[in-house]
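One structure is given below, encoded as structure tokens.
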Amino acid sequence: MKDVVTEAFVHPYIPNTAPAVKQAMLDAVGAESVEDFYADVPEDLRLRRLLDVPAPLPAEQDLARHVKGILAANRSTEERLSFLGAGTYNHYVPAVVDEVIRRSEFLTAYAGEPYEDHGRFQALFEYQSLMAELLAMDVVNVPTYDGYQATATGLAMAGRMTGRRRVLALSDVLPEKLSKVVDYVRANLEVETVATAGGVADLDALAAALGDDVAAVWIETPSFTGAVETRLREISEAAHAAGAVVVVGTDPVGYGVLTPPAMHGADIVTGDIQSLGLHQWFGGAHAGFIAVHDDPRFVMEMPSRLFGLESTDVPGEYGFGDVAYDRTSFAHREDGKEWVGTAAALWGIAAGVYLSLMGPEGMREHGELLLARTRYAQQRLASIPGIRLGDDALHLREFTIHLDGIPARDAVAALRREGIEPGVVVDERTLLVCVTDVTSASDIDRLADALAAVVSPASDITKEQVA
Amino acid sequence: MKDVVTEAFVHPYIPNTAPAVKQAMLDAVGAESVEDFYADVPEDLRLRRLLDVPAPLPAEQDLARHVKGILAANRSTEERLSFLGAGTYNHYVPAVVDEVIRRSEFLTAYAGEPYEDHGRFQALFEYQSLMAELLAMDVVNVPTYDGYQATATGLAMAGRMTGRRRVLALSDVLPEKLSKVVDYVRANLEVETVATAGGVADLDALAAALGDDVAAVWIETPSFTGAVETRLREISEAAHAAGAVVVVGTDPVGYGVLTPPAMHGADIVTGDIQSLGLHQWFGGAHAGFIAVHDDPRFVMEMPSRLFGLESTDVPGEYGFGDVAYDRTSFAHREDGKEWVGTAAALWGIAAGVYLSLMGPEGMREHGELLLARTRYAQQRLASIPGIRLGDDALHLREFTIHLDGIPARDAVAALRREGIEPGVVVDERTLLVCVTDVTSASDIDRLADALAAVVSPASDITKEQVA
Amino acid sequence: MSLPIAPKTSPRRFQQASWDEPIVFELSTPGERGIAITPVEPAVREAVGDVVADLPEGMRRPQPPALPEIAQMRVLKHYLRLSQENLGSDLNVDIGQGTCTIKYSPKINDQLIEVPQLRAIHPAQDPADTQGALEMIWRLEKLMAEISGMDAVSLASPGGSAGIWTNIAMIRAYHESRGEGEQRDEVITTIFSHPSNAAAAKVAGYKVVTVYPDADGYPDLGALKAALSERTAAIMVTNPEDTGIYNPAIKEWVDAAHEVGALASYDQANAAGILGITRARDAGFDVCQFNLHKTFSAPHGCGGPGAAANAVSEALAPFLPGPRVEQVEGRFVVREPGELSIGHVAPAHGVILHVVRAYAWIMSLGAEGMLSASQIAVLNNNYLLKRVLEIRGASAPYAVGRRRIEQVRYSWQELFEETGITSEEIGVRMADYGFHYWTSHHPYIVPQPFTLEPTECYSKAELDEYVAALAQVAQEARENPELVRTAPHNQTVHHTHHDDLDDPERWAITWRAYQRKYFGVVRADAVHEPAMSTVA
Amino acid sequence: MSLPIAPKTSPRRFQQASWDEPIVFELSTPGERGIAITPVEPAVREAVGDVVADLPEGMRRPQPPALPEIAQMRVLKHYLRLSQENLGSDLNVDIGQGTCTIKYSPKINDQLIEVPQLRAIHPAQDPADTQGALEMIWRLEKLMAEISGMDAVSLASPGGSAGIWTNIAMIRAYHESRGEGEQRDEVITTIFSHPSNAAAAKVAGYKVVTVYPDADGYPDLGALKAALSERTAAIMVTNPEDTGIYNPAIKEWVDAAHEVGALASYDQANAAGILGITRARDAGFDVCQFNLHKTFSAPHGCGGPGAAANAVSEALAPFLPGPRVEQVEGRFVVREPGELSIGHVAPAHGVILHVVRAYAWIMSLGAEGMLSASQIAVLNNNYLLKRVLEIRGASAPYAVGRRRIEQVRYSWQELFEETGITSEEIGVRMADYGFHYWTSHHPYIVPQPFTLEPTECYSKAELDEYVAALAQVAQEARENPELVRTAPHNQTVHHTHHDDLDDPERWAITWRAYQRKYFGVVRADAVHEPAMSTVA
Ligand SMILES: Cc1ncc(COP(=O)(O)O)c(C=O)c1O
Ligand SMILES: Cc1ncc(COP(=O)(O)O)c(C=O)c1O
């Protein structure tokens, strides 16, 4: 059968569509046509028609117009006032971060050697190192896909280390994350949800549930609802006493001011770095970290790549390489630890640049800003008749409110009409509200006023009443 | 008097505001305070108060919000349907062009040597070379500011070469450009405007005006009104017979299909490269070229830098350097040719990338597209009762229309209400209309329909009648 | 000397940038700031007081994290310098990342994803405000369905291996839904299928059975049949395999699997040679995944983000991960995962950046263009094969004399026997000429392997230059083996000593650990004993 | 060897990227395409016919221009490689472009200008649609008025020298408007003022008188007074001068000019050391210009675009170029140039990119920040002066023992006398350590000059590293002069032979000319004889 494609097709992305070159190459290899190369594909598997897809737009300007036209239907959170979080956060991304990750050399590199890809190794070693300082732990991986995966792997590691099957989930977990984690580990682990009390872990329930069959005690802090676990030290002690591993899922954004979990006894600290310099991207730009102490029992269970420092033939020159490569599926297929593949390295570089810019003061001020705005938002909203806070826990960035007089969905619908996304609906009467460094006090005031008008149209709450 | 600034001011752009470093440096140089360094500035010239400017926004996110907020008042030509030209054109800019000129190495370089700034030299040598092919001339400069400056300098060169004082301007010149040119050359040259006939040069008038006191005959093609000069060969012969230099001001966008002026006898070809890969930028991104034959009488009159090829110690290695540096004001101050300074090098690189992408086929197709759309727009508009074309000349991209029944301003005002910029008002009844590769046939149809409704609200012109 | 300039050498003289940059921590100067933070508004401060002082006991970090303090320009400079020390495919003729399908990632696609209408949208926004994003997902799913011939597609998986995981997770759920979850506890793969197939199956709880090729390097149908049984949950195979060889009996493989009630999962991470030529459905597969960052041109980002499209038959559609995008009366709506679904495999809708890039790439090419891309990728590969085999010491084991699809696993075994120079050493030396290559996955079934995949994106001239460098290095291996052995010579850093990387006492995975282990610098916030030391 | 790693050397070991790239024409392969053009619509084609065939006699280009034919990725690769072979200030410690004021150009500012609401607006749009752009211009004009103390500002000039031209064009128009155009035909400048002052005055038709400094390097007031007369149109001076010395008698200079009826024009291209310290108005100047691409941080773009702000007294305001932006009842309106105006000096409103960048820079810093920037620039400079003078062979002629403002013109005269190594050679060798430096403008009044201007943007550690490299090279000049003389060793290319550049028979300004002169390759479209050969 004949080639279905016209011979004259020349595309800017495919140099050797230039007819003379194509012919010269066919001649060089002694082929009649490209068909020769497909000799191993049985005729009955051949498509023999053009794919049924829309007509192409090879002219870049036509393509750009088409794609922009579709995306123009979106309204960004620069056009809407957003209090949405639930795992994807609207933090400010410094221009320098974008500049670095846009660099062709980083954006289009893949898996070169520590020589000609030295820059990538160093940037990711630095990322590991910067995260390590933030988390107060000595080992951090090259990023895995996202925080869901990181925590799932953290628990799987605990399972392999202990040989036990039970996992106690002590915090409120983002439902989507729980879905991923449970399915990921279920060949080896059973995740038992221990109900929270007042938004945080119930230590009595923990005591009751613990036993020598528990592989891991799993804490999320901040939890799904933004509650910060303040009794991690006690939890860790109890877990350790039972021989269980303490696995924390967290967002590192607050550790400029908050004590990192390792200092309260966490063994494996996991989470997402989207808050550290990544745009929201419709929830499509995440990366997961897994941090442990510098203890081979832990390190050897990590599936991801770990870049380590090394000397070279030249004194004073920093070299890099893969630490304990033999752990990985690249080295040993199914005998490696889980698997390693294309994950989220570029986002690790982004987060490294972000932390380099922020420094200790930046992270401290940022953490304080988030705590202050969270508290302020809680105060403003809680002072509205018909709105109560979900709990009294310490919150960072997110918290829930209960609406007495109106279904959460209706409140959301009403506020959307004013260009406000007031939060994520958690249940019939509950909204999860998120504030960040991008959410100014006046933004919060605007939310409060708009919510007040909806939940108790009669009342006239003004900012003055709060202060 | 004391330092008015607070000591604690630390800014991310100013590393040594870090207090300890600042003090260490003062100590190292044996200064009490920075005041010591200003000993030569007399006290009565000292400001001794803070500048009266708005409070700063050192947090990048606050700054970004502020600036974006101001710019948000603009409506781009992606949001409006624009037929505006008159020197600034809305051509498509390939993404690769933006990518290259965004590169830190190019964007932030300045005036390094041919060694460590080899890339800049090569990219600009290539720009010169690519333009040279398009123009069929052997010498092109590193860009000057803009087409206004290029033509002004082209004429000044002619003045210096001939020692004569008269310049005959045979074409309709963009008024702003004429303003610049006349003021720039007037210490040495008088520009006489010879009225055009039918949009192009009046050869009889030329014959009458020519004499042995004429330094230059100046042609603009396409002219201010988009008219292409088709009798340049005859003009050149007449000018040369009188010992005058033929200086052309042009836009190179059409030379994929049109014969370049050098082939019709032009001696100095000047113009703007905004059409070759530069965005509109509110008219703020222009660059000028000056092209001549490889004749030292011409070359030695050029003020701009010229990068030339050279050998190095390593066979096969391309080196670069400044050709005939002694021409320049850098070398000889007022004894150089005009002056050289920071001009528009980055835009030269952009145009070089653009031409590398376009290639001969791209420029040919693009030129044909412009000719075809220009013709189509002329046909569509001329078929509207109450609208006449300004002239019968060959036009590229721009042309004028005369409105019989309505002042041009009113037509513009009416179309703006529909989101259309129909063109630039030339006079009471005349509009200058521009189409580019970005203006589709349906855009032109939309303009025609909207104009028809305004100039002759009764009639009902539809596209069918045209074809 | 003077003009004219002599012709250039081939391969080119190359020297990579080398800035000898310190580690970022070494750039720290106390008091410097990289960025200023927006201040807490006075009204907020007044309303909430000192939130840090008010933190509960033990919750206030006792000392700030030991991050570096560096002004902005220097942070930028540091990372830009590092970037120059990296060989992205935009700069390299990147045909040596064999099996990894390095294509041109069009710059326009990077521009398109940077519009605020994509970069600054949140997945929980009113769907009315994210119709554009949802439409993109919907459109790409439709395209992928046509390309694969399958019935339903999900774009949720954030990488190729993640897509393989999604495949096996669906297969597991499928068998469970039919009550065969316990019974089917084996997965069969081939040794030249990507290791993630084996690894993901293992994580899902399966015993992995690996089939080796026949003497010609073709997947061994007899061996497969011997391995199949009612315990088999699935076969998980790549095709063409890492060798570039297409399994002509692929339909027989699938049929054999189906015969014992197993499913057939097709790792199409790399379909760059067969787009529009043959489809997963045509061979009877139940499920497959494509990597958007390979066949569909999204950039690799130093190792991610990636993204996969999982395409399945109607029978498996209910098991796809969620959320799903559906079109209802011209609007796009989001549906949470249903009963049978494996649930969420990643946040939100997957890696939207790559969704848009892949969509744009397909739309630029269309059907003819994709077909042409495949054909030229294959032409390039067979041309390269011809040229490489002209180099003394290089060979292409298996299927001798036959054509390959889009890549070839070569061998330097002959050269090694002659010179003692390994493929790894040759790879390092290749980069002295500005070219990267990678050997292959382990285990090294092919001895002294190297794997080249030219894709459709490189010109003949570039392929020729690459081969010239290979030939040059092979010659060096013979004539001056020391030169090769002591490489790199023209790269950012020099020969690196890897011994410390496998010794827990000596490895240094972070700056902090390095400081502690080698200089006794212990951070104030150091946690000295891993608390988990109670576990045996 | 193994961990730990030895300390790094200072200066650093540096090697610039070197790709040995061909000239872009050499990458051409017939038939390749870099970009596809949007097709002529069928309806258009039908309506207009074959527009190319219909062109008038002689107007159709007989053969296509000999541009290269290259697929997109390779074009990109070529230019990216060239970019790596360039030392932008984002990568370099760029304090050696003395007088050129290389600051950090904040990346946020580059992001801000890329919004479509700036990049894709046209100057002839409805002003209602460009209020944001007009407001930017208006705001920056106000800021520049306060910074200079002057009454009115224009941002139309597209470069620093262009701004100097605008100064002298206004001065000329001013004198003409008073009937003194003929009489005043001289302009006075100083030798340490930027050459464009002399050059622009010459273009405007003036005779240029240059005043030399006194023995201490201070501008010589006596010499000025001797030169001034009723023929003087203006003095045009830089201050601090290229030496970094501030003229303490600057007011007396201006007064003396005014006394003879001349105007005083202040080249403040570089005000980086005196922002918020002292203002043009305070010394009595009539007109001044700032470079937005120097003091106000806009990037230099390999040599442009630049931009200047021209600030004038009330008396000169009517002469400013147009168009002007005014605020009327809260809206911004555009006014065409008036009667007295010198008219248009460039398209539209000037280089809006730099207007926005400069505005953003000022707004990030505010009054305190700008003052601080000046003070630190001056501190950095005096710190550097101290350190450089510690190097044997280096000196800072003039004003010995006194402080400088923001830059210093140094001399290697002593080193040259000792070693025969020139400043130029040292400059070339400096770049082997990753640092650029420039000697100075001609004429070399200061022998073996080099000019350093550290601005406020570099950390002490960077200055120290720069000085370490200088010291190292000075030592090399003594100990191994051949090493210096044969530099560069670690840069993109090697020692280049400049002889062909000044010989019309041999120079090669374009690829086309090179092909013709050295290989006899003549293009089909070549015009053989310059037609102007009829002119004597
Ligand atoms: C055939 C095949 N399968 C799977 C993968 C894994 O993809 P990823 O690296 O995205 O995890 C690859 C990537 O190299 C591959 O080539
Ligand atoms: C004092 C002074 N004046 C004028 C200029 C010229 O500015 P531009 O290069 O923008 O023409 C410079 C630039 O170096 C300068 O330093």
Side-chain angles (χ1 to χ4, degrees), chain B residues 7-25 55-66 68 72 78 92-105 107-108 116 118-119 308-321 323 353 357, chain C residues 1-15 17 27-41 68-84 88 90-91 104-117 120 299 357 360 364:
Chain B
E7 282 299 319
F9 185 94
V10 173
H11 195 284
Y13 302 165
I14 319 180
N16 298 335
T17 41
V21 180
K22 184 175 172 184
Q23 192 56 54
M25 293 175 79
L57 300 165
E60 188 177 300
Q61 70 171 102
D62 297 334
L63 179 71
R65 197 189 266 227
H66 168 73
K68 279 191 196 166
E78 293 170 12
Y92 183 72
V93 177
V96 167
V97 175
D98 285 331
E99 180 72 18
V100 172
I101 61 163
R102 258 184 196 167
R103 291 280 294 181
S104 269
E105 292 90 338
L107 180 64
T108 70
E116 93 287 349
H118 176 82
L309 204 54
E310 265 302 357
S311 56
T312 80
D313 280 351
V314 176
E317 198 171 75
Y318 291 122
F320 296 96
V323 169
V353 178
L357 288 168
Chain C
M1 266 179 289
S2 58
L3 295 176
I5 294 157
K8 291 211 173 290
T9 59
S10 170
R12 72 183 58 216
R13 284 171 293 228
F14 168 73
Q15 172 62 57
L27 302 176
S28 183
T29 304
E32 286 188 11
R33 292 293 300 262
I35 194 156
I37 304 299
T38 195
V40 177
E41 293 92 340
E69 301 173 57
I70 318 171
Q72 189 168 115
M73 189 192 201
R74 205 152 176 229
V75 172
L76 174 68
K77 192 176 299 168
H78 175 69
Y79 285 104
L80 292 182
R81 287 172 171 184
L82 294 187
S83 77
Q84 282 196 348
D90 273 355
L91 286 108
Y104 174 47
S105 300
K107 289 294 146 187
I108 182 62
N109 298 354
D110 294 337
Q111 269 192 13
L112 291 172
I113 63 162
E114 288 198 351
V115 296
Q117 281 75 22
R357 284 170 164 139
S364 175

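Reminder, nothing fancy here: chain letters follow the sequence lines and each chain counts from 1.
Across all their heavy atoms, C/Ala36 and B/Pro58 have their closest contact at CB-O, 3.6 Å. Closest heavy-atom contact between C/Gly34 and B/Pro12: O-CB, 3.5 Å. When all heavy atoms of C/Ile37 and B/Ala59 are compared, the pair lying nearest together is C-CB, 3.6 Å. In terms of heavy-atom proximity, C/Lys8 sits nearest to B/Glu317 at NZ-CA, 4.0 Å. Residues B/Ala18 and C/Pro30 share a closest heavy-atom pair of CB-O, 3.7 Å.
With a threshold of 4.5 angstrom between heavy atoms, C/Glu32 approaches chain B through its backbone and through its side chain. For B/Leu63, no part sits under 4.5 Å from any heavy atom of chain C, backbone or side chain. Heavy atoms of B/Glu310 lying under 4.5 Å from chain C belong to its backbone as well as its side chain. If you measure heavy-atom distances from C/Glu69 to chain B, you find no contacts under 4.5 Å at all. When heavy atoms are compared at a cutoff of 4.5 Å, B/Glu60 approaches chain C by way of both its backbone and its side chain. For B/Arg103, no part sits under 4.5 Å from any heavy atom of chain C, backbone or side chain.
Of all the listed residues (C/Thr9, C/Thr29, C/Thr38, C/Ile108), the one sharing the greatest number of non-hydrogen pairs under 4.5 Å with chain B is C/Thr38.
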Worked verdict on C/Arg13 versus B/Val314 for side-chain contact (heavy atoms from CB on, under 4.5 Å): CA-CA 11 Å; C/Arg13 284 171 293 228; B/Val314 176; 3.4 Å; yes
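Among C/Arg33, C/Gln72, C/Met73, the one residue that satisfies the side-chain contact (heavy atoms from CB on, under 4.5 Å) test with B/Tyr13 is C/Gln72.
Considering NZ of C/Lys107 and CZ of B/Arg102, their distance stands at 9.5 Å, rounded to 0.5 Å.
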